[in-house]
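Quick notes on the structure that follows.
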Amino acid sequence: MLKDMTIGQYYPGNSLIHRLDPRVKLLGTLVFIISLFTFSSISAYALATVAVLTVVAVSRVPLRYILKGLKPIFILMLITILFNLFMTPGTAVLQIWKLKMTEEGIRFAIHMAVRLTYLIIGSSILTFTTTPNSLTDGLESGLGWMNRLHVPVHEIAMMMSIALRFIPILMDETDKIMRAQEARGADFQSGGVFHRVKAMVPLLVPLFVSAFRRANDLALAMEARGYHGGAGRTKMKPLVYHRKDWIAFLVMAGYVAAQILLRIFVKI
Amino acid sequence: MKSSDRRSIIEGHDLTYEYLHYDDDGNVDASYRALKGVSLDVKEGQFIAILGHNGSGKSTLARQLNALLVPSGGTLFVDGLDTREEKNVGAIRQAAGMVFQNPDNQIIASVVEEDAGFGPENMGVPTKEIWERVRKALKAVGMWEYRESSPNRLSGGQKQRVAIAGVIAMKPKCIVLDEPTAMLDPGGRAEVIRTVRELNRTDGITVILITHYMEEVIYADRVLVMDEGAVVMSGTPREVFSNVRALKEIRLDVPFVTELADRLKERGVPLPDGILTVEELTEELEKIRHGDQNRAS
Amino acid sequence: MEIRIEHLNYIYGLGTSYEKKALDDISLTIRSGEFIGIIGHTGSGKSTLIQHLNGLNRASSGQIFVDGKNIYEDGYPMRQLRFRVGLVFQYPEYQIFETTVLKDICFGPKNQGLSAEEAEGRARAAMRMVGLDEHYEGKSPFELSGGQKRRVAIAGILAMNPEVLVLDEPTAGLDPKGRDDILGVLKQLHRESGITVVLVSHSMEDVADYASRIIVLDKGKVLYDDIPAKVFSHVEELESIGLAAPQVTYVMRALRGKGWDVSQDVTTQAEAADEILEVLRKAGVKC
């Protein structure tokens, strides 16, 4: 089940998008998402569509693969749309029993659907083309200014990258412990909610014990290799902006300018 | 060069260590002496093996060598630095690198090359030099081709080699390996030991190997046997394995061949002490067979 | 209880990019009361195979018959099979979760539907089998040594009264003392209760002294299935797949190479010593 999730995973490649500085991609994703919520006309969505499709094409991540990532949140989206369809007050178009579908509701639901879909696609392009490590590096360096506000940016980034390294290990371990308890007759599938929660104890206790042991070991190993926080540390892969990154910034600025122009001059 | 002429890299004198257990008010309510007066002197370039079963104090000793723990009593100098001095800790960890038992729990980064670079990054080594060190270290352990892999895709033996590379990249004088093969299969075990021996022979790195596998210590210059927090035997592998009975008493293994030779000796076959390999045993047995035949004829 | 496996295949991740054939046409029979060693390299399929024996894994194709009944037939009591074939996983101490040793061992029998008293009775009997006396009952399992924890975990399976005990690398990570203790427990258990034991290991030394039959797996296939002496005679083949014969085989081969008339079928140290002494006596050496 968890293995089918494509969202949030890295899709190995060497395209221009893959090679961009993670800070550029982070900012780009942010700009794109903000634009979805500030510019909401048909022409604005059309432009966003062109932008997304272009980026996908350049990244060489199959569109099919990206769309697969939408599957797990399909239900969530359906609920949001239905909720908006029937709960928005306004002129009734259709009435089913006590539920009124309104014109405003339809419009709002379409907006939500488009925004959510694009939001997911936009952020999955980021994760598909950026390794978890360079993503954390990007966050660390991009948010470096927050250090002055006493936010421990390096430590948070280190925690993120360690978490990313250990997630697959702990998932494997969960599977193993589950099987081991099933061999002792544990039943994780049947029964009511209360029964199921209780059945999780033989899984969760060993999992926590193991996670703590690993954390302990890891802390010791990091200390043994001279780790003492972010101060005085050098970088093996420091982030440097190249020409392509500056060009990407320009493209981004162009996109925002085009959206503003559309808003002013095109009224649909 | 005789080993006594060489510089000492580790000098421990009458080391003791106590684990303290505190009650809720922060007072010591129980203590456990894990080390009881251990002395050792390791020269640069030596290959030392420390044997002992779990709870013998060998891991506690290992952690002293990297200043992860400091002695409760006695003194310990690593590369001439007193481990009790707070200001020496950084230099000591750089001089004596440490490899642990569980391969999964000591790899920090999600890419092999980045893990090898973790130590140098902490030391503040300039970027260009980090790459040089990482390349050298990964090549030394034969993991250069895997530099862009995720550690999760490697075998246990490969992961331990990456961990060793992570230590080598810090340019240590000495590597302390705390049961690095306990969780590996025979293939992985052989891989790791081969790598360690190679580093010792070609780069002259001092090796302190803590293990409970006898086959791994045959090549050591010196073997220390620990039991209940003390060094109970010390000498060349041959000397140590001559005491088959004493080793069995503290429930340690003896190499199969050594044990077989001992059994034969008990039954009157005049074999010498401390036979370690199949070749030695067959040679000695041949001598006995032919020697006596010649005398008979 | 007899387990008959016929043409078993198991494929991982069917239809994905990492599809892999983990078991390839395995056929073998485990008879009641046997002590079998399954040997193979990491990734040879040995752990995957034993998880089929109690139904945790379902074969991609092929059949398994337990006492003549096909376990893949509709309505087969699969849950009962879990209790009849006790499976001890690798590093089983990682599955311990209760506050006391006794409670943890009771988990299996309670899942079988036994009353608290019955379960405790079973748990106490299992503790005796693995050599843990009463004063361990109320202890927290997390305060025990590695070897003791493992015994608790094995007792947790034994308390279900399985007819077959399957253990995946029961000595992994233990020191020589812990290893000998566990192997001693298994040997005694087999001798005294007649339980069928299937021991999975990558160490020939572990199984050479105990097993009456050894199955060697390589790349998901059965390479050898024979008595130990016969299996060990294939030294070169074993080495080519990353395994080794036990040391005793190497000693005997070296001696034969020098013209000694010693048997090749020797598997233990005592037998080896006897053979060597025999040759020396024949050669006129007084010993």
Side-chain angles (χ1 to χ4, degrees), chain B residues 51-56 58 101-102 155-157 179 181-190 211-215 247-248 250-271 277-279 281-283 285-286 288-297, chain C residues 18 39-44 90-91 145-148 169 172-181 201-205 208 239 241-244 246-260 262 268-277 279-287:
Chain B
L51 279 176
H53 55 71
N54 298 342
S56 62
K58 58 191 200 308
Q101 185 186 60
N102 191 324
S155 72
E179 296 194 31
T181 59
M183 299 180 80
L184 306 182
D185 65 9
R189 250 155 51 196
T211 183
H212 48 236
Y213 290 112
M214 306 303 132
E215 315 87 74
L247 286 168
K248 291 230 129 187
I250 53 172
R251 303 208 49 188
L252 277 174
D253 261 354
V254 177
F256 176 87
V257 177
T258 313
E259 207 180 336
L260 177 61
D262 191 62
R263 196 190 272 257
L264 288 168
K265 242 166 49 188
E266 242 171 58
R267 293 173 68 172
V269 182
L271 284 165
T277 64
V278 174
E279 293 75 47
L281 178 67
T282 45
E283 236 166 69
L285 282 173
E286 273 287 274
I288 293 168
R289 185 167 77 137
H290 292 299
D292 280 65
Q293 259 177 349
N294 295 344
R295 234 171 289 158
S297 57
Chain C
Y18 46 89
I39 300 281
H41 200 251
T42 309
S44 61
Q90 210 175 357
Y91 297 102
S145 76
Q148 286 168 333
E169 310 257 2
L174 295 181
D175 63 8
K177 180 171 171 294
R179 184 197 63 207
D180 291 349
D181 284 348
S201 176
H202 46 226
S203 157
M204 285 287 183
E205 311 286 342
E239 282 180 347
I241 59 165
L243 295 171
Q247 287 284 311
V248 64
T249 309
Y250 291 101
V251 173
M252 292 293 122
R253 273 168 64 96
L255 287 173
R256 283 178 70 86
K258 299 214 162 156
W260 288 52
V262 286
T268 68
Q269 200 179 73
E271 289 168 7
D274 287 343
E275 288 279 330
I276 291 170
L277 284 167
V279 172
L280 287 176
R281 282 196 192 107
K282 273 189 194 152
V285 181
K286 285 191 188 66
C287 52

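Remember, it's a predicted structure, so these values are computed and weren't measured experimentally. In the text below, chain A, chain B and the rest are named by the order of the sequence lines, each starting its count at 1.
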Worksheet item: Could you state the interatomic distance from OG (B:S56) to NZ (C:K177), rounded to the nearest 0.5 Å?
Response: 11.5 Å
Discussion item. For the OG1 atom of B:T277 and the CD atom of C:Q247, what is their distance to the nearest 0.5 Å?
Written reply: 9.5 Å
Item to complete: Could you look at C:L243 and say if it's the side chain, the backbone, both or neither that has a heavy atom under 4.5 Å from chain B?
Response: neither
Discussion item. So which atom in C:A273 and which in B:L260 form the shortest heavy-atom distance, rounded to 0.1 Å?
Written reply: N-CD1, 4.0 Å
Worksheet item: Pick from B:E286, B:E279, B:Q101, B:M214: which one has the most heavy-atom pairs with chain C under 4.5 Å?
Response: B:E286
Worksheet entry | Closest contact, heavy atoms only, B:L184 versus C:H202 | O-NE2, 3.9 Å
Worksheet entry | N-O pairing of B:R263 and C:D274 below 4.0 Å | no
Practice prompt. State, with a plain yes or no, whether a side-chain heavy atom of B:L285 is found less than 4.5 Å away from one of C:K258.
Written response: no
Worksheet item: In Å and rounded to the nearest 0.5 Å, what is the CD1 to CG distance from C:I276 to B:L271?
Response: 8.5 Å
Practice prompt. Sort C:L255 into side chain, backbone, both or neither according to what part of it lies under 4.5 angstrom from a heavy atom of chain B.
Written response: both
Discussion item. Going by the rule side-chain hydrogen bond (donor to acceptor under 3.5 Å, both in side chains), which residues pair with C:Q90 if we only count those two or more places apart in sequence or in a different chain?
Written reply: none
Discussion item. Suppose we screen for ring pair (Phe, Tyr, Trp, His ring centres under 6.0 Å). Which residues come up paired with C:Y250, at least two apart in sequence or across chains?
Written reply: none
Worksheet item: Is C:D180 paired with B:K248 through a side-chain N to carboxylate O contact shorter than 4.0 Å?
Response: no
Worksheet item: What part of C:A270 lies closer than 4.5 angstrom to a heavy atom of chain B: side chain, backbone, both or neither?
Response: both
Item to complete: With rounding to the nearest 0.5 Å, note down the distance linking OG in C:S145 to NE2 in B:H53.
Response: 11.0 Å
Worksheet item: Of the non-hydrogen atoms in B:R251 and C:P176, which two are nearest, and what is the gap between them?
Response: O-CB, 4.1 Å
Worksheet item: For C:V248, is it the side chain, the backbone, both or neither that has a heavy atom under 4.5 Å from a heavy atom of chain B?
Response: both
Worksheet item: Under a 4.5 Å heavy-atom cut-off, does chain B meet the side chain of C:R179, its backbone, both or neither?
Response: side chain
Worksheet entry | Side chain, backbone, both or neither of B:E259 within contact of chain C (heavy atoms, under 4.5 Å) | both
